[in-house]
2 protein chains.
Amino acid sequence: MNDAPPDHALRGNVFSEHCPSREVLKHVTSRWGVLLLVALGDGAQRFGELRRRVGGISEKMLAQTLVWLEQDGFVQRIVQSAAPPRVEYRLTPLGEEISGKMAELADWLENNLGAMLAAQQKTPGTQIAGV
Amino acid sequence: MNDAPPDHALRGNVFSEHCPSREVLKHVTSRWGVLLLVALGDGAQRFGELRRRVGGISEKMLAQTLVWLEQDGFVQRIVQSAAPPRVEYRLTPLGEEISGKMAELADWLENNLGAMLAAQQKTPGTQIAGV
DNA sequence: CGGTATCCTGACCGATACTG
DNA sequence: CAGTATCGGTCAGGATACCG
């Protein structure tokens with residue numbers, strides 16, 4: 001098939017309230033979406049592997065988030081057998097791209113965590129009470 | 001005073017459930033956090049400007065998200081006057097970096113939106129691996 | 001203009017139990 | 001192992017009203 005759709009035919013605008021890109025943005029930046037995309041960047045992995053790797057995720061949210069990412073075209077679900085259920089999740093080419101970006105973000109965050117924690121401890125010039 | 005070389009002294013791990021990086025990640029990937037960081041990438045802007053630019057944001061969440069970003073050290077709040085209140089928000093050097101990454105993400109998303117919408121309309125493609 | 005405080009809803013999300 | 005179903009809590013987030 002001609003799997004090169006006209007990406008240029010349509011351009012989103014995340015600043016526009018009703019742009020469909022908002023929905024995708026919501027999925028990839030969701031609490032677990034970003035972590036799953038980064039984790040899958042290392043290659044196809046099984047349900048249980050992902051569950052163990054992403055600290056704190058519940059089965060429900062793992063399944064839910066994988067569905068989102070699959071529907072958006074970032075992840076492909078591959079059933080390898082059925083006797084003992086064996087399912088793998090792997091990034092699509094589209095998913096590889098966004099995974100790379102999220103990995104960059106995560107990596108930068110991990111490296112600069114010190115600076116942020118330092119910032120958090122400084123006396124806020126304008127503090128809002130009760131936040 | 002100069003007892004702060006924290007950047008390399010501490011490295012986070014987003015996969016770890018209780019790592020403080022999770023909190024920062026939550027802020028920057030929050031519904032409005034990513035959009036505000038991208039918007040502020042164009043330069044310092046006022047409250048009302050941001051409100052108008054980011055479609056759908058409420059005053060409460062604008063203020064709230066700005067507080068988060070300020071506390072994490074990404075945004076600086078600058079009061080220029082008090083007669084007619086004039087407040088500007090601008091990225092710190094730290095904020096510039098992460099803003100750039102989020103802008104890349106948003107840009108990629110906008111450009112590839114067509115591919116994602118196409119994926120969403122296809123029948124869920126669970127594959128039986130003949131690999 | 002640039003916020004702040006309060007109330008309220010809905011969704012995200014976790015815990016648990018159950019299925020194939 | 002890989003989920004699905006259900007219940008319920010917490011909290012992001014919206015609406016409104018008010019202040020400097």
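Note that this is a predicted model, so its numbers are computed, not measured. Residue numbers start from 1 in every chain, and the chains themselves are labelled A, B, ... in the order their sequence lines are given, proteins ahead of strands. Keep in mind that the numbers below use all heavy atoms, side chains included, and drop hydrogens, waters and symmetry copies.
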K.L.:
Quantify the bending of the helix from dC1(C)-dG20(D) to dG20(C)-dC1(D) as the angle between its end axes, each fitted on five pairs, to 10°.
P.N.:
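That helix gives 50° between its end axes.
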
K.L.:
Any chance you could lay out the side-chain contact (heavy atoms from CB on, under 4.5 Å) test for L91(A) and L69(A), step after step, and finish with the verdict?
P.N.:
CA-CA 9 Å; L91(A) 295 173; L69(A) 296 179; over 6 Å; no

K.L.:
Quick one: side chains of residues 13-25 of chain A, donor-acceptor pairs under 3.5 Å with protein atoms, not counting sequence neighbours, listed by atom name and distance.
P.N.:
| residue | atom | partner | partner atom | Å |
| --- | --- | --- | --- | --- |
| N13(A) | OD1 | F15(A) | N | 3.1 |
| R22(A) | NE | V14(A) | O | 2.6 |
| R22(A) | NH1 | G55(B) | O | 3.2 |
| R22(A) | NH2 | V14(A) | O | 3.0 |
| R22(A) | NH2 | F15(A) | O | 3.4 |
| R22(A) | NH2 | G55(B) | O | 2.9 |

K.L.:
For a quick test of reading the model, state the closest non-hydrogen atom pair linking G73(B) to A119(A) and the distance between them.
P.N.:
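Closest approach of G73(B) to A119(A), heavy atoms only: CA-CB, 3.6 Å.
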
K.L.:
Measure the spacing between CG of L10(B) and CE of M116(A) and express it to the nearest 0.5 Å.
P.N.:
10.5 Å

K.L.:
Under 4.0 Å between a side-chain nitrogen and a carboxylate oxygen: does that hold for E70(A) and R77(A)?
P.N.:
no

K.L.:
For DNA chain D, determine which residues of residues 38-54 of chain A have any heavy atom closer than 4.0 angstrom to one of its atoms, and list them numerically.
P.N.:
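Close to the strand are R46(A), F47(A), G48(A).
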
K.L.:
In whole angstrom, give the distance that lies between atom CZ of R77(B) and atom P of dC1(C).
P.N.:
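It works out to 16 Å between those atoms.
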
K.L.:
Taking only residues at least two apart or on different chains, which pairs with a member in residues 74-110 of chain B satisfy ring-ring contact (aromatic ring centres under 6.0 Å, His included)?
P.N.:
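Residue pairs passing ring-ring contact (aromatic ring centres under 6.0 Å, His included), neighbours aside: none found.
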
K.L.:
Nearest whole angstrom, please: distance from the P of dA2(D) to the CD of E88(A).
P.N.:
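Rounded to the whole Å, the gap is 9 Å.
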
K.L.:
Considering just the side-chain nitrogens and oxygens of Y89(B), establish if one lies under 4.0 Å of OP1 or OP2 belonging to dG3(C).
P.N.:
yes

K.L.:
For L66(B) and dG3(C), what is the distance between atoms CG and P respectively, to the nearest whole Å?
P.N.:
8 Å

K.L.:
May I have the distance from R86(A) (atom CZ) to dA2(D) (atom P), rounded to whole angstrom?
P.N.:
8 Å

K.L.:
Ignoring hydrogens, what is the shortest heavy-atom contact between D72(A) and H27(A)? Give both atom names and the distance.
P.N.:
OD2-ND1, 2.5 Å

K.L.:
Rounding to an integer number of Å, can you tell me how far L62(A) CG sits from dA15(C) C1'?
P.N.:
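So the CG-C1' distance, L62(A) to dA15(C), works out to 15 Å.
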
K.L.:
Produce the list of close N/O pairs, under 3.5 Å, pairing protein atoms with atoms of nucleotides 13-20 of chain D; give distances to one decimal.
P.N.:
| residue | atom | partner | partner atom | Å |
| --- | --- | --- | --- | --- |
| dG13(D) | N7 | K60(B) | NZ | 3.1 |
| dG13(D) | O6 | K60(B) | NZ | 3.1 |
| dG14(D) | OP1 | R31(B) | NH1 | 3.2 |
| dG14(D) | OP2 | S58(B) | OG | 3.3 |
| dG14(D) | O6 | K60(B) | NZ | 2.2 |

K.L.:
Minimum heavy-atom separation for I57(B) and R51(B), please, with both atom names.
P.N.:
O-NH1, 3.3 Å

K.L.:
Looking at dA12(D), dG3(D), dG2(C), which one has an atom nearest to any side-chain atom of K26(B)?
P.N.:
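Between dA12(D), dG3(D), dG2(C), the one nearest the side chain of K26(B) would be dA12(D).
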
K.L.:
Partners of R52(B) by side chain to side chain donor-acceptor pair (under 3.5 Å), sequence neighbours excluded?
P.N.:
none

K.L.:
Would you find more than 12 non-hydrogen atoms of other residues, nucleotides or ligands less than 6.0 Å from R90(A) atom CZ?
P.N.:
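No, because the 6.0 Å sphere around CZ of R90(A) holds 12 heavy atoms or fewer from other groups.
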
K.L.:
Identify whether the distance between the nearest side-chain nitrogen and carboxylate oxygen of E88(B) and R86(B) falls below 4.0 Å.
P.N.:
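Judged by the 4.0 Å cut-off on N to carboxylate O distance, E88(B) and R86(B) do form a salt bridge.
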
